[in-house]
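First the proteins, then the strands, lettered A, B, ... as listed; each starts at 1. Heavy atoms only: backbone and side chains are in, while hydrogens, waters and symmetry mates are out.
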Amino acid sequence: MRFRFLFCAVFTATTLVLSHSGNACAEWLQDVDAGIFYDSNLSRAPTPPDERADTALDVSAALGRLFAPTSNDLLAVTAFARADWYQRYTGLDVVALGVRAHWRHKFAVGYDAPWLAVALDGSRDDYRDTLRDSRRLELKAELGRRFTPVLDGAFGVALDRRYDNNGTPVVPDIPGDVFNLRGVSGDVRLGYAITDAWLLGARAAVRRGDVESTAQPSLPIFLASSAIAEDHVFGGDDLYAYRLRGTTWTAALSASLALDDRTSLNFSFAGERTNAAYGLQYSSRVAGLLLAYRP
Amino acid sequence: MTCIRSFAVRALAVGLALASSCARAEGTTIAATVTDMKGKPVADAVVVAIPADGASKPAAKSREATIDQIDLEFVPRVLAISVGTPVTFPNHDRVRHHVYSFSPAKRFELPLYSGMPAQAVVFDQPGVVVLGCNIHDWMISYVYVSESPYYAKTGPDGRATINELPSRAYVVRVWHPELEGPEEGTRRNVDTSRSARADVAWQVDLRPEMKVRRAPAAGRGSRY
């Protein structure tokens, strides 16, 4: 209910902002990204037999308006759409529609002035597999600075919430809403432009909260779970989706090659490890290649 | 009669010589060529001729110069002006800009504006002034404020010509935003009193410009 209210409020505000095209002080924001990525453990399974890897095509587009209400403040309001198509596990194919509001305040004048940014994202994710249909909300605050024209860094904290009520309980007294998740995270990132064209990035993040894992039944995972549902996305009848409480560590590296002022080719690699109760652990590696275009 | 004719011929010769000397006195030229270490022409290099005796003709009342803002960039990237020149900063974008400089030669801000700012900015100290926009961090421009009225900027062919120079000895220097080392290191002595045209060439070492990247990077949110 809260999500619906927030989503409607942000969506209405976005529509109003986007339709207010007569404001000469506002700038159009248009982003188009397309690429592929590979995930070594889509199922986030704790044991290799249950791990499922796949490659997906990812396309996203965003349209928004950027306002500069003062010399030190920027407000961007954007509507976005994203679609993923998986090669093998097509139940994970998703179309997401959402809105994003992003405000940034610079504490002084100059490219090297420190800044504070707050972003609110809301989306509705429609999967081919209905178990995963959900609505997402993320609130993130970031403090950053460009130290030199070629080196910048930021530290952020985020609250994320995913609302789902699609899973059917399979165990009495244990709910089936495995994708009803919440978490809090922090991250630090650095960017360094080694040439005019190449920008390298590094990011480290930690998240504490609910995670989802699809695996065969076992005592530890059963004891650690707060929700269980049947999951047919990865084939077979012996896999179940579980909601666990865990801590996830992420380390990511990226390289962005500017093709011109508006286009870049982006390579990324991320390693992720989650530790949950009862010694449960799972890890995954995600690699991606993406073309980003900002007309 | 012969004496009168001889005098007339001499007077004519002296007159012509004087006229020629006067013409050269205000009409010599320095033709400069600037290339990088690979021999490629360097555009946007400022070539400045400073009278070796330090006495330069005071600059005529400087005409107004302009730095536009077009497609979220400053145009031109390098502007060469004399001390005391007023510069206007018309904004031809549909968004507002906030132009600033923290350079010692000229500190100023033109807070968030669109269209034409109310007043021109007068650059009253010699030196290099680096301009930025507080909204669009990648926007950068350089104003070279010259103490000498004799300067020119190279074009895409790396060539620049300083015309109408009084005939005398000069110290000529080159400045470029990417110049490795100080401007003083490019110093050359050129004497235009011996010839109406002096050709001077520089091969300069350039380092990549320290500039905020404009191109997007995936996963970093808005490019701002």
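Atoms CZ and CG, on A:Arg146 and B:Asp137 in that order, are 6.0 Å from each other to the nearest 0.5 Å. Here A:Glu27 contributes atom CD and B:Ile135 contributes atom CD1; the two are 9.5 Å apart, rounded to the nearest 0.5 Å.
Taking all atoms of both residues into account, the shortest heavy-atom contact from B:Ala215 to A:Asp260 is CB-O, 3.3 Å. Nearest approach of A:Arg294 to B:Pro216, heavy atoms of both residues: CG-CB, 3.2 Å.
The neighbour count for B:Arg107 CZ, taken as heavy atoms of other residues, nucleotides or ligands under 6.0 Å away, is above 12. More than 12 heavy atoms of other residues, nucleotides or ligands shown are found within 6.0 angstrom of CZ on B:Arg173.
Between A:Asp261 and B:Lys211 there is no salt bridge, since no side-chain N of the basic residue sits under 4.0 Å from a carboxylate O of the acidic one.
Close approach to chain B, defined as a heavy atom under 4.5 Å from one of its heavy atoms, is seen in A:Ala108, A:Val109, A:Gly110, A:Tyr111 of residues 107-116 of chain A, taken by number.
By number of non-hydrogen pairs under 4.5 angstrom with chain B, the leading residue of A:Leu290, A:Thr148, A:Thr70, A:Leu259 is A:Thr70.
Residues passing the ring pair (Phe, Tyr, Trp, His ring centres under 6.0 Å) test with B:His176, sequence neighbours excluded: none. Residues satisfying the ring pair (Phe, Tyr, Trp, His ring centres under 6.0 Å) criterion with B:Phe74, sequence neighbours excluded, are absent altogether.
Sorted by first and then second residue, the pairs that involve residues 194-204 of chain A and meet side chain to side chain donor-acceptor pair (under 3.5 Å), not counting sequence neighbours, are A:Asp187-A:Arg203.
Of the possible donor and acceptor atoms, one in the side chain of B:Arg213 sits under 3.5 Å from a partner among the backbone N and O of A:Ala197.
Proximity to chain A is limited to the side chain of B:Glu109, based on heavy atoms less than 4.5 angstrom apart. Contacts of A:Ser71 with chain B are made by both backbone and side-chain atoms, with heavy-atom separations under 4.5 Å.
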